[in-house]
Trainee: 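One structure, as structure tokens, below. Some questions next.
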2 protein chains.
Amino acid sequence: MTEIEKTLHNKRVRPTAMRILIYKYMAGKNSAVALTDIENAFDKAERTTLYRTLKTFEEKGLVHQIDDGTNVSKFALCEPGCNCEIDQDLHLHFHCGNCDKTVCLTEHKIPHINLPQGYIAEDANLVIKGICESCSQH
Amino acid sequence: MTEIEKTLHNKRVRPTAMRILIYKYMAGKNSAVALTDIENAFDKAERTTLYRTLKTFEEKGLVHQIDDGTNVSKFALCEPGCNCEIDQDLHLHFHCGNCDKTVCLTEHKIPHINLPQGYIAEDANLVIKGICESCSQH
DNA sequence: AGAACTGTGCAACAGAAGTGCATTTTAATG
DNA sequence: CATTAAAATGCACTTCTGTTGCACAGTTCT
């Protein structure tokens, strides 16, 4: 049993061939991926399978969905300690307008905001847009 | 010349009948509107016209586009003093999961975030999700 | 082996966003 | 006021993402 199979198993996700491939693919990227990215990476892949796989991963707390403002949902693996399916891990995300990549800044949590009277916060999404580390060096 | 016509004129937007209607509609709402909302409000309206009208309004600084995480673009009128087409007015937005409305909290600016070395911020989007004022009273 | 369940593939649909082109409306000018 | 150029509008269509239903394949359990 490989590391990845163990990880899937720990999160109660049956480690099928496809799921392992998808997990491996995501683990190899340092930025969030869109469904279409995975689809293009393996040309044998079915959109539906990927779609449902990502949903399963998300439900089981293996990945989290990111809305970076591009109107395309992105996904990124959760950090080892992250329990975002129970208690949200509200880190912020950075979207580079140059290379179009979105990365998690897991060390940077969303600051607490005082809302007006009557408003109840349950979730938050903060995306910073600009130029990322590798693009700014050129 | 009405107030609205003056406002459009000041922003170099030709005040056509449709534009005045759209502006009036948005001014009457206290929450952000989607293109579909306007389409449904006037059944004579053409999607394309609305689409391009909103784009024009946005370019000329009459409205700002809001990405509230619903994957549907919303728009809201800019406040009188707002010059968000030049120098962004980074207030935050609140999306209510109950009534599905999105509102601007113009008094609440997005706090400054210290990014890691090499990252350059140009824009930011912060959306708080939860229960809004009027929904929490029931 | 057979039953029951889960995962996968195919086809199709829904909704939003966006484009090209012809026509109408508006503003500007003589 | 008639003419004309530019801007706005309406219509038809395309593309892309997300989503669902259903049938089939693969897995697990007894």
Side-chain angles (χ1 to χ4, degrees), chain A residues 1 4-5 7-9 11-25 32-60 62-76 95 100 102, chain B residues 1-2 4-26 32-60 62-76 95 100 102:
Chain A
M1 220 187 200
I4 291 180
E5 282 176 274
T7 309
L8 295 185
H9 193 261
K11 295 279 191 172
R12 320 281 155 193
V13 174
R14 287 158 71 165
T16 67
M18 201 66 219
R19 288 173 174 176
I20 294 169
L21 278 176
I22 295 174
Y23 193 95
K24 208 176 280 181
Y25 173 73
V33 301
L35 195 146
T36 310
D37 296 333
I38 313 180
E39 202 181 355
N40 294 336
F42 315 97
D43 43 56
K44 252 195 71 182
E46 264 313 299
R47 278 175 50 73
T48 313
T49 305
L50 300 178
Y51 173 73
R52 289 196 255 235
T53 299
L54 288 172
K55 272 212 142 174
T56 305
F57 280 9
E58 196 196 1
E59 277 161 19
K60 298 302 172 65
L62 281 162
V63 307
H64 60 279
Q65 189 169 359
I66 303 166
D67 170 25
D68 62 5
T70 60
N71 280 335
V72 179
S73 287
K74 305 259 168 66
F75 296 86
H95 177 249
D100 198 45
T102 298
Chain B
M1 221 185 200
T2 68
I4 291 179
E5 283 176 273
K6 268 187 219 163
T7 307
L8 296 185
H9 194 262
N10 286 341
K11 296 279 191 172
R12 320 282 154 191
V13 173
R14 286 157 74 165
T16 66
M18 201 66 219
R19 289 174 173 175
I20 294 170
L21 277 176
I22 295 174
Y23 193 96
K24 209 175 280 183
Y25 173 74
M26 293 182 76
V33 299
L35 195 144
T36 310
D37 296 332
I38 313 182
E39 203 182 355
N40 295 336
F42 313 96
D43 43 54
K44 252 197 71 183
E46 265 312 298
R47 276 178 43 76
T48 316
T49 305
L50 299 178
Y51 174 72
R52 289 197 255 237
T53 299
L54 288 172
K55 271 212 144 174
T56 305
F57 279 9
E58 195 195 2
E59 279 162 18
K60 299 301 172 64
L62 279 163
V63 307
H64 59 279
Q65 190 168 358
I66 303 167
D67 170 26
D68 62 4
T70 59
N71 279 336
V72 179
S73 288
K74 305 259 168 70
F75 297 85
H95 177 248
D100 198 45
T102 298

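Chain letters run A, B, ... following the sequence lines, proteins first, then strands; residues in each count from 1. Note that these values count all heavy atoms, side chains included, but never hydrogens, waters or copies made by symmetry.
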Trainee: Look at all strands and tell whether Arg47(A) reaches a base, only sugar-phosphate, or nothing, counting heavy atoms closer than 4.0 Å.
Mentor: base
Trainee: If you check the Met18(B) side chain, which of dG18(D), dC10(C), dT9(D) turns out closest?
Mentor: dT9(D)
Trainee: Given atom NZ of Lys55(A) and atom P of dT8(C), what is their separation to the nearest angstrom?
Mentor: 16 Å
Trainee: Quickly work out the Leu50(A) CG to dT20(D) C1' distance and round it to whole Å.
Mentor: 16 Å
Trainee: Name the nucleic acid region contacted by Arg19(A), choosing base, sugar-phosphate or nothing; use a 4.0 angstrom heavy-atom cut-off, strictly under.
Mentor: sugar-phosphate
Trainee: Give a yes/no answer on whether the side chain of Tyr51(A) brings an N or O atom under 4.0 Å of OP1 or OP2 in dT19(D).
Mentor: yes
Trainee: Can you see if the side chain of Thr53(B) gets near the phosphate of dT9(D) - specifically, an N or O under 4.0 Å from OP1 or OP2?
Mentor: yes
Trainee: Quick check: any donor-acceptor pair below 3.5 Å linking the side-chain of Arg52(B) to the base of dG10(D)?
Mentor: yes
Trainee: Using a heavy-atom cut-off of under 4.0 Å over every strand shown, decide if Thr56(B) touches base, sugar-phosphate, or nothing.
Mentor: nothing
Trainee: Relative to the 5' end of DNA chain C, which residue comes earlier, Ala17(A) or Val72(B), by the nucleotide with the nearest heavy atom?
Mentor: Ala17(A)
Trainee: Rounded to the nearest Å, what distance is computed from the CD atom of residue Glu46(A) to the C1' atom of nucleotide dT19(D)?
Mentor: 14 Å
Trainee: Side-chain N or O of Thr36(A) less than 4.0 angstrom from OP1 or OP2 on dC16(D)?
Mentor: no
Trainee: How long is the line joining CG of Asp43(B) and C1' of dG10(D), in whole Å?
Mentor: 16 Å
Trainee: Does Arg14(A) put a side-chain nitrogen or oxygen below 4.0 Å from OP1 or OP2 of dT27(D)?
Mentor: no
Trainee: Whether Thr16(A) contacts dG26(D) is assessed here as follows: a side-chain N or O lying under 4.0 Å from the phosphate OP1 or OP2. Is that the case?
Mentor: no
Trainee: Between the main-chain N or O of Ala34(B) and the side-chain N or O of Asp37(B), is there a donor-acceptor pair closer than 3.5 Å?
Mentor: yes
Trainee: Return the value, rounded to whole Å, for the distance between atom CG of Asn40(B) and atom C1' of dG15(C).
Mentor: 13 Å
Trainee: Only one of Lys11(A), Arg19(A), Arg52(A) passes side-chain contact (heavy atoms from CB on, under 4.5 Å) with Phe57(A); say which it is.
Mentor: Arg19(A)
Trainee: With distance as the sole test, does Arg12(A) use its side chain to make a donor-acceptor pair with the main-chain N or O of Lys60(A) at under 3.5 Å?
Mentor: no
Trainee: Within the side chain of Glu5(B), is there an N or O that forms a donor-acceptor pair under 3.5 Å with the backbone of Thr2(B)?
Mentor: yes
Trainee: With a 4.5 Å heavy-atom cut-off, do Thr102(B) and Thr70(B) have their side chains touching?
Mentor: no
Trainee: Over how many whole Å does the gap from Asp37(A) atom CG to dG18(D) atom P extend?
Mentor: 11 Å
Trainee: Using atom CD of Glu39(B) as one end and atom P of dT9(D) as the other, report the distance to the nearest whole Å.
Mentor: 15 Å
Trainee: Select from Thr49(B) and Leu35(A) the residue whose nearest nucleotide in DNA chain D is closer to the 5' end of that strand.
Mentor: Thr49(B)
Trainee: Rounded to whole Å, how long is the line connecting atom CD1 of Ile38(A) with atom P of dT8(C)?
Mentor: 13 Å
